[in-house]
Amino acid sequence: MNDLTKSWNSFSDEIAKKYLKTFGHPSTSSKELLVDVLEELTRGTRPPSLIELGCGNAQIAEYFVEREFECSYTGIDFSEVLLGAARQAVPGGTFIQDDVNTLTKVSGRYDIALYSHVLELLTSPEESLAAAKRLADKIVIRFYEPPEFDIDSVELRWMDVGQKEQVPFIRRKMSRDYYRLILARIGCKNVDIYRDTTKDQVHVLTF
């Protein structure tokens, strides 16, 4: 875990600003889908309060600004380097350093808790979702690896963070059965699934 924590704090300041912003262009349509879903969920609640768990350098919050999706935005991440870039990118947001697996430093209630291409990277997705449930009435998950696999697996991958350094991170491929078990354990009553033209999906969990 120490090596994985280190990986998200190893970016140079310059790389932290660019992280993921030139990556994953095919998933632009799923960002559009995400905003469409959020607008529908929060219709009549303006501006809704939204907490993004694993916000990184706030690239999604920047997209919200681009799409003119107005919300009271709070971003959570345990990388101070990425949060530094986030604060510069979205000066109107609130940013808190915390472990997204446990969320011990965050309190209050929000209309939406959002994971955007993050749940697959967590060591404890069930623990994180249970913590998110304490914070929000609805949980929205944007999946890069939707939970449609036959078996659950976790891969250790390597990420270039600049300065000629490679650091480890995990990529989880979640099975349908494990996902259903997690949802049952946290008391999820309904999941609405929105599919993109790519493999990305947006799930809305209600309790």
Side-chain angles (χ1 to χ4, degrees), residues 20-21 24 27-79 82-83 85-122 125-144 146-147 179 182-183 186-196 200-207:
L20 290 183
K21 293 183 181 179
S27 66
T28 298
S29 61
S30 77
K31 290 194 292 187
E32 295 174 351
L33 174 64
L34 172 63
V35 173
D36 289 343
V37 170
L38 291 173
E39 287 180 336
E40 183 62 32
L41 284 177
T42 60
R43 198 174 301 281
T45 306
R46 289 289 185 269
S49 57
L50 183 147
I51 184 167
E52 184 183 2
L53 308 175
C55 67
N57 60 4
Q59 62 152 336
I60 290 296
E62 283 189 285
Y63 186 71
F64 290 165
V65 174
E66 180 184 330
R67 274 287 304 267
E68 299 183 344
F69 172 65
E70 295 184 7
C71 64
S72 175
Y73 176 88
T74 299
I76 309 297
D77 207 280
F78 62 65
S79 170
L82 290 175
L83 285 175
R87 292 184 181 102
Q88 292 182 46
V90 186
T94 299
F95 295 95
I96 302 171
Q97 190 278 333
D98 199 2
D99 185 343
V100 179
N101 291 289
T102 56
L103 296 171
T104 58
K105 300 178 183 178
V106 186
S107 60
R109 292 289 296 175
Y110 299 83
D111 295 313
I112 300 286
L114 170 66
Y115 297 86
S116 181
H117 288 184
V118 165
L119 201 67
E120 304 96 321
L121 304 176
L122 300 183
E126 180 179 347
E127 183 180 21
S128 182
L129 284 167
K133 181 186 174 184
R134 298 196 306 266
L135 300 173
D137 300 321
K138 290 184 174 66
I139 296 175
V140 176
I141 308 170
R142 177 177 171 236
F143 279 108
Y144 173 74
Y179 187 52
I182 288 176
L183 298 185
I186 65 173
C188 177
K189 295 181 179 178
N190 187 66
V191 182
D192 291 317
I193 300 176
Y194 302 84
R195 289 178 166 82
D196 182 44
D200 285 31
Q201 294 179 10
V202 175
H203 291 201
V204 179
L205 278 53
T206 52
F207 301 90

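Because the structure is predicted, anything quoted here is derived from the model rather than measured.
When every heavy atom of Pro48 is checked against every heavy atom of Phe69, the shortest pair comes out as CG-CZ, 4.2 Å. Residues Ala113 and Ala132 come closest through the heavy atom pair CB-CB, 4.3 Å. Here the closest non-hydrogen pair linking Tyr194 and Val204 is CE1-CG2, 3.8 Å. Taking both residues in full, the closest heavy atoms of Glu70 and Pro47 are given as O-CB, 4.1 Å, listed atom of the first, atom of the second, then distance. What you find for Cys71 and Phe64 is that their closest heavy atoms are SG-CD1, 4.2 Å. When all heavy atoms are compared, the tightest approach of Ile193 to Gln201 is CG2-OE1, 3.6 Å.
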Under 3.5 Å, sequence neighbours excluded: what are the donor-acceptor pairs made by side chains of residues 89-96?
none

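Side-chain atoms of Arg67 and Asp36, non-hydrogen and from C-beta on, do get closer than 4.5 Å to each other. Side-chain contact between Thr74 and Val106 is absent, with no heavy atoms from C-beta onward closer than 4.5 Å. With a 4.5 Å cut-off on side-chain heavy atoms, Ile141 and Leu129 count as touching. When side chains are defined from C-beta on, Thr104 counts as touching Asp98, because their heavy atoms get closer than 4.5 Å. Within the 4.5 Å cutoff, the side chain of Leu33 has no heavy atoms near those of the Asp200 side chain. Between Tyr115 and Pro125, every side-chain heavy-atom pair lies at or beyond the 4.5 Å cut-off. Between Leu34 and Val140, some side-chain heavy-atom pair lies under the 4.5 Å cut-off.
Between Leu53 atom CG and Leu114 atom CG the span is 7.5 Å, to the nearest 0.5 Å. To the nearest 0.5 Å, the span separating OH on Tyr63 from NZ on Lys31 amounts to 6.5 Å. Between atom CG of residue Leu135 and atom CD1 of residue Ile112 there is a gap of 12.5 Å, rounded to the nearest 0.5 Å. The distance from atom CG of Leu183 to atom NZ of Lys189, rounded to the nearest 0.5 Å, is 14.0 Å. Rounding to the nearest 0.5 angstrom, the gap separating the CD1 atom in Ile182 from the SG atom in Cys188 is 11.0 Å. If you take CG on Leu122 and CD on Glu127, they are separated by 10.0 Å, rounding to the nearest 0.5 Å.
Applying the salt bridge (Lys or Arg N to Asp or Glu O under 4.0 Å) test to every pair with at least one member in residues 48-61, sequence neighbours left out, gives no pairs at all.
Panel note: side chain Arg109, backbone Arg134; a donor-acceptor pair is recorded below 3.5 Å. Side-chain N or O atoms of Ser116 include none that pairs as donor or acceptor with a backbone N or O of Arg142 at under 3.5 Å. Judged purely by atom type and a 3.5 angstrom limit, Gln97 uses its side chain to pair as donor or acceptor with the backbone of Phe78. For Asp111 (side chain) and Leu50 (main-chain N/O), no donor-acceptor pair under 3.5 Å exists by modelled atom type.
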Quiz prompt | Test log, rule side-chain contact (heavy atoms from CB on, under 4.5 Å), inputs Tyr179 and His203 | solution = CA-CA 12 Å; Tyr179 187 52; His203 291 201; 2.8 Å; yes
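Remark: Asp192 engages Asn190 in a side-chain hydrogen bond (donor to acceptor under 3.5 Å, both in side chains) (not counting sequence neighbours).
Donor-acceptor pairing under 3.5 Å is lacking for the side chains of Asp196 and Ser30.
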